[in-house]
Amino acid sequence: MEKQYLVIVESPTKAKTIRKFLPKNFIVEASVGHIRDLPQSAADTPLKYKKEPWARLGINVDQDFEPLYIIPKDKTKIIADLKAKLKDADELYLATDEDREGESISWHLTEILKPKCPVKRMVFHEITKSAIESALKHTRQVDVKLVRAQETRRILDRLVGFTVSPVLWKKVAFGLSAGRVQSVALRLMVERERQRMRFKKANYWDVLADVAFSGKNFDARLIAIKDKRIAQGKDFDETTGMLKEAKDLLVLGEKEVQAIIGRVSKAAWTVTSVEEKQSTSKPSAPFITSTLQQEGSRKLHLSTRDVMRTAQSLYEQGFITYMRTDSPNLSQDALAEARVIVEKTYGKDYLSDAPRQFTAKSKGAQEAHEAIRPAGTFTPPEKTGLTGKELDLYTLIWRRTLASQMSEAQKSSMSVRISADDATFSATGTKIVFPGFLKAYDEGLESGDASWGTEALLPALKTGDALSLKEAAAQAHETKPPARFTEASIVQAMEKAGIGRPSTYASVISTLLDRKYVLRNSGALVPTFTGFAVTQLLEKHFDNLVDLEFTSKMEESLDEIAEGQLDHLKYLKEFYLGKKGLKEITDQKDKEIGMEN
DNA sequence: CAGTGAGCGAGCTTCCGCTTGACTT
């Protein structure tokens, strides 16, 4: 009889795809994410353990931090199904994602399914027939050290969350929360708001002139009087509203500007210098979760949740690859397909000389998946039959992927100096000589459409040319405080700091909104009084936890644990039970903070 | 005697990260 194999992946959609690449004697099933976890709340804790002093944490902190794992209700049926399928299998292939969490899922599966047949760990980074066949041949064993690193991460997050949150219930308000990720994200927003509150507005004036040369009009702006430069926004200090120190600049008021206009209106306008520069720009990397959320927000005005919901639907319909990823990498198949479509759609001139490959920028990237790109044969958007948000998002992904394999854009910029009486004016123009990738995708644009009609052109000028003044107008300016975070920009900031993962960016924002730590105000996230109070308390008493560096330091330790260079118990003991450990600090602060009130 | 309600004590809230549906707004 033919041998039977059971392959387990994380996502049901992925299982469906892989099934097509494998013979009938391979049964492919999904774990649907994690299958075991610490109890989510007291209600989930088995009666047997409820009396234990550590039951509330779900971790026996005095007994080597032994975690209490339970199977969540919604996973019991999945486990039963997997067990039944395993009965008929001669071999088990664990094909969960190749990252810390995926390794852990594989380990939990062996713990629960207790397979009697041989077990092999297989990994692949792209879902193609050749990649899967190769993965089947190159299996390994579950990496127990990597599993330890995941478990340590899980325990640390629970300890932080369930130790610090109760302090907030006592000192601020019932039901609040703190955590390694959410509290730092909140702090970023609070700090930005403090900057805004400290901000002092500055006012200054300048002159915008409408000038003409051989029948063509263009704008020129006042930049200096008698070689003394005019102050611009960036020259003012944000917290004092005064000119930054050691700047010998001219801050103009309305009266002075009117006097200048009077002088230059009667003067001769002459070009004193012309500088031309050629430049090229390269396309951005294909989408990863964070950049998709940013561009979905900027170009399509969708919330991070909306972006993810829509992408999930596109994924399930087979239009795009997996939407939770931190890798901008394109598979060999995808590269080839993208290049074929670029040539077909835009012509050979628009194809980059060589395939372009991108690497992850953020520190914590685990790169278990590919970039978010059109799946299979890159169906052109108009042939997908999609509508509404789905069509818009797919079009964005399709264009961004193609752009990544297109030629550079070539620009030519011209910078001109003009003198009139004692004043110097400046005009700049940019011309796109060759649009290249901009034809498919222009990041600078707010709408989804690509276009390169935004260039500001100057006539062909040379030194000594005489210009005619049409109009000179006084313009008032005031400096602006730093902008509040939006959903998109906070995700960008979190990713840069290595805080949170692609699967959690959207839910972290939801938590902050749920707790009323921040409010949504026409796109901006505005910290509330509660948000300020919580941040202030955490900064004062748990400063290391809300430090931007905390997660990156933790990641370093987890890496050492995964490599066997650091003992996970030593790390956890020091973090929680050590002299300056979380437990000691919390007990001490509990009393301290109480005294203040 | 039955019904009411003050007073008391017990139990609960919370984390991050991996996946979908089942549910509500």
To the nearest Å, give me how far apart [atom1] ([X]) and [atom2] ([N]) are.
X      : N      : atom1 : atom2 : answer
A/L186 : B/dT14 : CG    : P     : 17 Å
A/I112 : B/dC18 : CD1   : P     : 18 Å
A/R309 : B/dT25 : CZ    : C1'   : 11 Å
A/I499 : B/dC15 : CD1   : C1'   : 15 Å
A/E495 : B/dG17 : CD    : P     : 13 Å
A/I59  : B/dT14 : CD1   : C1'   : 13 Å
A/Y69  : B/dC15 : OH    : C1'   : 14 Å
A/R158 : B/dC16 : CZ    : C1'   : 9 Å

Tell me what [X] touches on the nucleic acid: a base, only sugar-phosphate, or nothing, going by heavy atoms under 4.0 Å.
X      : value
A/A30  : nothing
A/T511 : sugar-phosphate
A/T504 : base
A/R36  : nothing
A/V181 : sugar-phosphate
A/G500 : sugar-phosphate
A/R100 : nothing
A/G179 : sugar-phosphate
A/L176 : sugar-phosphate

Could you walk me through whether A/I490 and A/V508 pass the side-chain contact (heavy atoms from CB on, under 4.5 Å) test, one step at a time?
-> CA-CA 10 Å; A/I490 195 69; A/V508 168; over 6 Å; no
Interatomic distance, CG@A/L159 vs CZ@A/R180, rounded to 0.5 Å, equals 12.0 Å
5'-most by nearest nucleotide on DNA chain B - A/G102 or A/L57 = A/L57
If you pin A/S41 and A/I105 to their nearest nucleotides in DNA chain B, which one's is more 5'?
-> A/S41
Indicate yes or no for a side-chain donor-acceptor contact from A/H138 to the backbone of A/S134 under 3.5 Å, with no hydrogens or angles considered.
->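 Yes, because the side chain of A/H138 sits within donor-acceptor range (under 3.5 Å) of the backbone of A/S134.
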Does A/S290 offer a backbone N or O that forms a donor-acceptor pair with the side chain of A/Q294 under 3.5 Å?
->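 Checking the backbone N and O of A/S290 against the side chain of A/Q294, a donor-acceptor pair under 3.5 Å is found.
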Mind pulling the stems DNA chain B is in, i.e. runs of at least three Watson-Crick or G-U pairs, everything under 3.5 Å?
->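 Stem list for DNA chain B: none, no run of 3+ pairs.
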OP1 or OP2 of [N] under 4.0 Å from side-chain N/O of [X]:
X      : N      : result
A/R501 : B/dC18 : yes
A/R180 : B/dG17 : yes
A/S507 : B/dC16 : no
A/R153 : B/dC18 : no
A/K50  : B/dC12 : yes
A/S165 : B/dC15 : no
A/Q182 : B/dC15 : yes

Counting only heavy atoms not in A/Q357, do more than 12 fall under 6.0 Å of its CD?
-> yes
Within 6.0 Å of CD in A/E191, more than 12 heavy atoms from elsewhere =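 Enclosed: over 12 neighbouring heavy atoms sit under 6.0 Å from CD of A/E191.
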Would A/K299 and A/E295 count as a salt bridge (Lys or Arg N to Asp or Glu O under 4.0 Å) if you check the C-alpha gap in whole Å, the side-chain angles of each, and the deciding distance to 0.1 Å?
-> CA-CA 6 Å; A/K299 286 185 163 45; A/E295 291 290 280; 3.1 Å; yes
So A/R194 and A/E539, salt bridge (Lys or Arg N to Asp or Glu O under 4.0 Å) or not? Walk me through it.
-> CA-CA 14 Å; A/R194 287 174 181 153; A/E539 282 170 337; 2.9 Å; yes
From B/dG17, B/dC18, B/dT14, nucleotide with atom closest to A/D37 side chain |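 Among B/dG17, B/dC18, B/dT14, the one nearest the side chain of A/D37 is B/dG17.
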Kindly determine whether A/S313 and A/Q317 satisfy side chain to side chain donor-acceptor pair (under 3.5 Å), including the steps that lead there.
-> CA-CA 6 Å; A/S313 167; A/Q317 292 173 74; 2.9 Å; yes
Do you know which of A/T511, A/L513, A/L512 makes side-chain contact (heavy atoms from CB on, under 4.5 Å) with A/R515?
->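 Exactly one pass, corresponding to A/T511.
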Before giving the answer on side-chain contact (heavy atoms from CB on, under 4.5 Å), spell out for A/Y517 and A/Q182 the whole-Å C-alpha distance, their side-chain angles and the decisive distance to 0.1 Å.
-> CA-CA 10 Å; A/Y517 287 161; A/Q182 60 169 288; 3.9 Å; yes
Going by an N to O cut-off under 4.0 Å, is there a salt bridge joining A/R305 and A/E487?
->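 Here A/R305 does not pair with A/E487 in a salt bridge, since their nearest N and O are not under 4.0 Å apart.
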A/E103/A/R140 ion pair, N-O < 4.0 Å =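 The answer is yes: the pair qualifies as a salt bridge.
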Where along residues 545-564 of chain A does a heavy atom fall under 4.0 Å from DNA chain B?
-> none
Has A/W169 got its ring stacked on B/dT13, by the test of a centre gap below 5.5 Å and a plane angle below 30°?
-> yes
Decide salt bridge (Lys or Arg N to Asp or Glu O under 4.0 Å) for A/K16 and A/E316; before the verdict, give the C-alpha distance in whole Å, the side-chain angles of both, and the deciding distance to 0.1 Å.
-> CA-CA 10 Å; A/K16 210 165 89 187; A/E316 285 170 7; over 6 Å; no
Distances under 3.5 Å only, N/O to N/O: pair up the protein atoms with those of nucleotides 20-22 of chain B.
unit_1	atom_1	unit_2	atom_2	d
B/dT20	OP1	A/S11	OG	2.4
B/dT20	OP2	A/Q312	NE2	3.2
B/dT20	OP2	A/R324	NH2	3.0

